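First the structure, in the form of structure tokens, and then the observations on it.
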Amino acid sequence: MTVGGIAGMIMTTPAGAMIDATTNKRAFVIIPGIFTVVASAVILVSQSFWVVAASQVATAIAGAAIVPAVTGITLGIVHQSGFNRQNGRNQAFNHAGNMVGAALSGFLGWKFGFSAVFILAAVFGALSIISVLIILGKQLTIMLLEFQATIVVEPASAWRILLECKPLLVLAAALALFHLGNAAMLPLYGLAVVSGQEGNGRALWP
């Protein structure tokens, strides 16, 4: 989990830069969705350290790309004037989906074991791919080009801005420490429950 968390943090900045530079933003949702499906399937086949670590890295990289990609797609569709409202709707559905996913994971894991949870993750990945494919690629590209044409931005070095801005450095350090300290608490608690023989862990870990 630590390897995956570090990989996700390292990839966040370059993933955002690549998404900003391309008009094919749908690919940065489709490809991570495929990564999620494959990563979920691989864990069911083998639970060796390197397989699980690779799966965590792939999932973390996918997560780092999807958020800015969806943000870019949203800007391309509704432009700046409608972004706040649409982004609010996006986040409402995002958190509602998290709640539904957590409830389904708990129910399926209780009824069928941990394998069902990974299958559910693969299904969600497939649904995300289908959802973004509904958006017409050519129409979205035209919208993005029109939106970018309305913006005049002086070229700037992202690394220079980051290194010279102390508030950004403090925020980056705080977020990194919070992520490494807090993000793994729920999975670790789940592992503790399983190791205490209070949960069904044998479906995945012999």
Side-chain angles (χ1 to χ4, degrees), residues 1-43 51-80 83 86-98 100-102 105 117-118 120-141 143-145 147-148 151 153 156-159 161-162 168 171-172 175-176 178-180 182-184 187:
M1 287 189 297
T2 301
V3 172
I6 293 173
M9 287 192 296
I10 292 174
M11 283 302 299
T12 297
T13 299
M18 287 189 293
I19 292 166
D20 280 342
T22 183
T23 56
N24 188 15
K25 301 190 190 306
R26 294 194 313 167
F28 285 88
V29 177
I30 296 171
I31 295 174
I34 294 173
F35 274 23
T36 302
V37 173
V38 173
S40 300
V42 165
I43 292 181
V51 170
V52 174
S55 172
Q56 292 291 312
V57 169
T59 304
I61 293 174
I66 285 179
V67 173
V70 172
T71 302
I73 291 173
T74 303
L75 271 173
I77 294 175
V78 301
H79 294 184
Q80 187 66 48
F83 178 76
Q86 186 59 48
N87 189 53
R89 292 182 63 187
N90 290 352
Q91 292 305 317
F93 279 100
N94 175 36
H95 291 291
N98 288 337
V100 172
S105 295
V117 177
F118 289 97
L120 179 65
V123 170
F124 278 174
L127 290 175
S128 69
I129 294 172
I130 294 171
S131 298
V132 79
L133 286 175
I134 294 174
I135 303 171
L136 296 178
K138 184 177 181 181
Q139 180 182 1
L140 178 59
T141 299
M143 290 177 175
L144 286 167
L145 290 173
F147 173 67
Q148 290 172 354
I151 302 174
V153 180
S157 169
W159 290 110
I161 292 174
L162 175 62
L168 275 179
L171 177 62
L175 290 175
F178 176 81
H179 179 78
L180 293 176
N182 183 72

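Numbers for residues simply follow the sequence, beginning at 1. Just so it is clear, the values below take in all heavy atoms, side chains as well, and ignore hydrogens, waters and symmetry mates. None of the values given here were measured: they were computed from a predicted structure.
Put simply, CG on L171 and CZ on F178 are 12.0 Å apart, with the number rounded to the nearest 0.5 Å. Atom CZ of residue F28 and atom CD1 of residue I19 lie 5.5 Å apart, to the nearest 0.5 angstrom. Atoms OG1 and CE, on T13 and M18 in that order, are 11.0 Å from each other to the nearest 0.5 Å. Rounding to the nearest 0.5 Å gives a distance of 11.0 Å between CD of Q91 and CD of Q86.
For S105 against V117, the heavy-atom pair with the smallest separation is O-CG2, 3.6 Å.
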Would you be so kind as to tabulate the donor-acceptor pairs closer than 3.5 Å made by side chains of residues 126-133, with sequence neighbours excluded?
| from | atom 1 | to | atom 2 | distance (Å) |
| --- | --- | --- | --- | --- |
| S128 | OG | G125 | O | 2.6 |
| S131 | OG | L127 | O | 2.8 |

Show every donor-acceptor pair shorter than 3.5 Å between a side-chain atom in residues 56-72 and any protein atom, with sequence neighbours excluded, or say none if there are none.
| from | atom 1 | to | atom 2 | distance (Å) |
| --- | --- | --- | --- | --- |
| T59 | OG1 | S55 | O | 2.9 |
| T71 | OG1 | V67 | O | 2.9 |

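Remark: F124 CZ is packed, more than 12 non-hydrogen atoms of other residues, nucleotides or ligands lying under 6.0 Å away.
With contacts defined as side-chain heavy-atom distances shorter than 4.5 Å, the pair R26/V29 does not qualify.
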